[in-house]
Student: 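Shown below is the structure under consideration.
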Amino acid sequence: MEDGRHPEVAAFTADFGLDGIMLGNQFGLVGFWHPDNAPPLTPERSAGIERFFLRLRAAMGDGLVYWMDTYWRAEVERSAWGMTDAAYHALDAILVSTFAVLVERTEIVPNLLSKAALDGPRPLLGLDFVDPWYWCRTYLDDRRTYLYQREVLAAHAGSVAGVSFFANDTFGHFVPKPELALTLEVVKNARTRGFPGTLPEARSRASA
C-alpha cells in the first residue's frame with residue numbers, strides 16, 4: 001500500500017458502511033511467522049513500516065484499524081520486523097494470535113502482556129475452535145493448546161479488552177454445544193475479573 005492505495009481502503013469501508021478494517025497475518029511487515037524469516041532490519045525498512053501504518057491511520061480517519069500480530073511479543077516485533085511505537089499507536093486494537101499450528105505456546109502470555117503494556121491499542125486474545133486457515137481441529141488435535149488459550153484468558157483477564165473466537169471449520173461442522181459453552185463460560189468469568197468486554201468505538205464516537 002505504499003503506492004497510495006490507502007484511500008481506496010478508506011473509501012471501501014465508507015461505501016459499505018463498515019466501522020473499519022482488520023489487517024490479518026501481520027499485514028504491513030515483511031517475513032512471515034518467525035523472526036528468522038525477517039529480512040535484515042535497516043532504518044529505512046523501519047521507517048517504511050511506520051509510514052505505512054501512519055498513512056493508513058490518516059486515510060482511515062475515524063475508522064477502526066485492527067491488526068493481527070506476529071505471534072511474538074512487542075520487543076521481538078521491534079527488533080526483527082521494525083515495528084515502532086508510532087506504528088503501534090496508529091492501531092485501535094491488536095489481536096494477539098494464538099493459533100495452535102504456528103504459535104509458540106510459551107510466547108502467548110509474554111505477547112499478550114507486551115501488547116497490554118503498549119498503553120494504546122487494546123489487546124484482543126485469539127481463542128480457537130479450529131485453526132482458521134488450516135485443517136487443524138484445535139479442540140481435538142491440540143487439546144492442550146485449546147485449553148491453555150482459555151486458561152490464559154482466565155488468568156490474565158485484566159490485560160484483555162476482548163476476544164476473537166475462530167470457529168470456521170474446514171469440514172463445515174458447527175461448534176459443538178459443550179465446546180461453545182466452555183468458551184462462553186470462560187469469557188463470562190473473565191468479565192467479572194476485570195475483562196471489560198467492550199471494544200473501541202470508531203474514533204469519532206469515542207471522542208464525542
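Both backbone and side-chain heavy atoms feed into the values below; hydrogens, waters and symmetry mates do not. The structure displayed is predicted, hence computed values, not measured ones.
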Student: Only pairs at least two apart or in different chains count here, so list each salt bridge (Lys or Arg N to Asp or Glu O under 4.0 Å) that has a residue in residues 76-91.
Tutor: E77-K115, R78-D85
Student: With no hydrogens and no angle check, is any side-chain donor or acceptor of D92 less than 3.5 Å from a backbone partner on Y66?
Tutor: no
Student: Listed by chain and number, what are the side-chain contact (heavy atoms from CB on, under 4.5 Å) partners of P39, not counting sequence neighbours?
Tutor: V30, R45
Student: Once side chain to side chain donor-acceptor pair (under 3.5 Å) is applied, do any residues pair with T183, and if so which ones, sequence neighbours excluded?
Tutor: R150
Student: For S46, give me all partners under side-chain contact (heavy atoms from CB on, under 4.5 Å), at least two apart in sequence or on another chain.
Tutor: L41, T84
Student: Under a single-linkage definition using a 4.5 Å side-chain heavy-atom cutoff for Ile, Leu, Val, Met, Phe, Trp and Tyr, are V175 and Y146 assigned to the same hydrophobic cluster?
Tutor: yes
Student: Report yes or no: does D69 contribute a side-chain atom to a donor-acceptor pair with the main-chain N or O of Y71 at less than 3.5 Å?
Tutor: yes
Student: Is the side chain of R73 donor-acceptor paired with the backbone N or O of N111 at a distance under 3.5 Å, no angle test?
Tutor: no
Student: Sequence neighbours excluded, which residues qualify as side-chain contact (heavy atoms from CB on, under 4.5 Å) partners of E185?
Tutor: N189
Student: How would you list all residue pairs meeting salt bridge (Lys or Arg N to Asp or Glu O under 4.0 Å) that involve residues 24-33, not counting sequence neighbours?
Tutor: none
Student: I need the D142 CG to L147 CG distance, nearest 0.5 Å.
Tutor: 9.5 Å
Student: Taking 4.0 angstrom as the limit, do E179 and R143 come out as a salt bridge?
Tutor: yes
Student: Working to the nearest 0.5 angstrom, can you tell me the gap between M22 CE and L95 CG?
Tutor: 6.0 Å
Student: Short question: side chain of W72, backbone of P35 - any donor-acceptor pair under 3.5 Å?
Tutor: no
Student: Are a donor atom and an acceptor atom from the side chains of D128 and Q149 found within less than 3.5 Å of each other?
Tutor: yes
